[in-house]
Amino acid sequence: LTGTDFISTNNDWNIYPNPFSNSITIESKNENNFLQSVKIADASGKIIYQKENLLEIGKISIDLPNVPIGFYFLLLESGDSKQIFKLIKK
C-alpha cells in the first residue's frame with residue numbers, strides 16, 4: 001500500500017468481526033456494490049493476502065488462520081473507489 005492511494009471517505013462495507021481470530025467477513029451496505037479486489041497488508045505495508053478480479057456482490061469471507069497477531073490494513077477496491085480499513089488479529 002502506498003501513500004498515494006486515493007481513499008474514499010464513504011464507508012460502503014461492513015467488516016466483521018474486528019478484532020478477528022481466524023476469518024473476516026466483508027459485507028456490502030449497498031446491494032449494487034461489488035468488490036473488484038481485496039488486499040491485506042501488515043503494519044510495514046507488505047501484502048499478505050491478495051485477491052483480484054472478484055466481481056463479488058453481497059459478502060465474502062476470508063480465512064486468515066495463520067496470520068500472526070497484530071495490526072493490518074484491508075484495502076477494498078470497487079469501481080473507482082478504494083477504501084482502507086484497520087484490522088486487528090487477536
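Remember, predicted model here, so these are calculated numbers, not experimental data. All values below were derived from every heavy atom in this structure, side-chain atoms included, with hydrogens, water molecules and symmetry-related copies excluded.
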ask   = Is it the case that more than 12 heavy atoms not belonging to Lys86 sit under 6.0 Å from its NZ atom?
value = no
Separation between CG (Leu87) and CD1 (Ile40), nearest 0.5 Å, reads 6.0 Å
When rounded to the nearest 0.5 Å, the distance separating CD1 of Ile24 from CZ of Phe85 is 10.0 Å
Rounded to the nearest 0.5 angstrom, the CG-OG distance for Asn53 and Ser37 is 8.5 Å
- Message: Working note: Tyr16 + Lys59, criterion side-chain contact (heavy atoms from CB on, under 4.5 Å); need CA distance, chi angles, decisive distance, verdict.
- Response: CA-CA 11 Å; Tyr16 58 89; Lys59 71 178 179 179; 3.9 Å; yes
Residues passing the side chain to side chain donor-acceptor pair (under 3.5 Å) test with Thr25, sequence neighbours excluded, are Ser61
Tell me, do Lys90 and Ile69 make a side-chain contact under 4.5 Å, heavy atoms counted?
no
d(Ile60 CD1, Glu27 CD) to nearest 0.5 Å is 11.5 Å
Tyr49 meets the side chain to side chain donor-acceptor pair (under 3.5 Å) criterion, sequence neighbours left out, with none
Side-chain heavy-atom pair Glu77, Lys39 within 4.5 angstrom cut-off:
yes
Is the backbone of Ile47 close enough, under 3.5 Å, to the side chain of Asp42 for a donor and an acceptor to pair up by distance? no
Ser78 side chain vs Phe34 backbone, donor-acceptor pair below 3.5 Å:
yes
Closest non-hydrogen atoms of Ser23 and Asp63, given as atom of the first, atom of the second and distance, are CB-OD1, 3.4 Å
Closest non-hydrogen atoms of Ile88 and Asn18, given as atom of the first, atom of the second and distance, are N-OD1, 2.9 Å
Nearest heavy-atom contact between Leu35 and Val38 is CD1-CG2, 3.9 Å
### Message
Check for me, please, whether Leu74 and Ile48 land in the same ILVMFWY cluster - side-chain distances under 4.5 Å, paths through other members count.
### Response
yes
Does either side chain, that of Asp12 or that of Gln83, offer a donor lying less than 3.5 Å from an acceptor on the other one?
yes
Value for CD1 (Ile26) from CD1 (Ile62), rounded to nearest 0.5 Å, stands at 3.5 Å
Interatomic distance, NZ@Lys46 vs CZ@Phe73, rounded to 0.5 Å, equals 16.0 Å
For Ser21, does its backbone N or O pair with a side-chain atom of Lys89 as donor and acceptor, under 3.5 Å? yes
Sorted by chain and residue number, the side chain to side chain donor-acceptor pair (under 3.5 Å) partners of Ser28 (sequence neighbours excluded) come out as Asn33
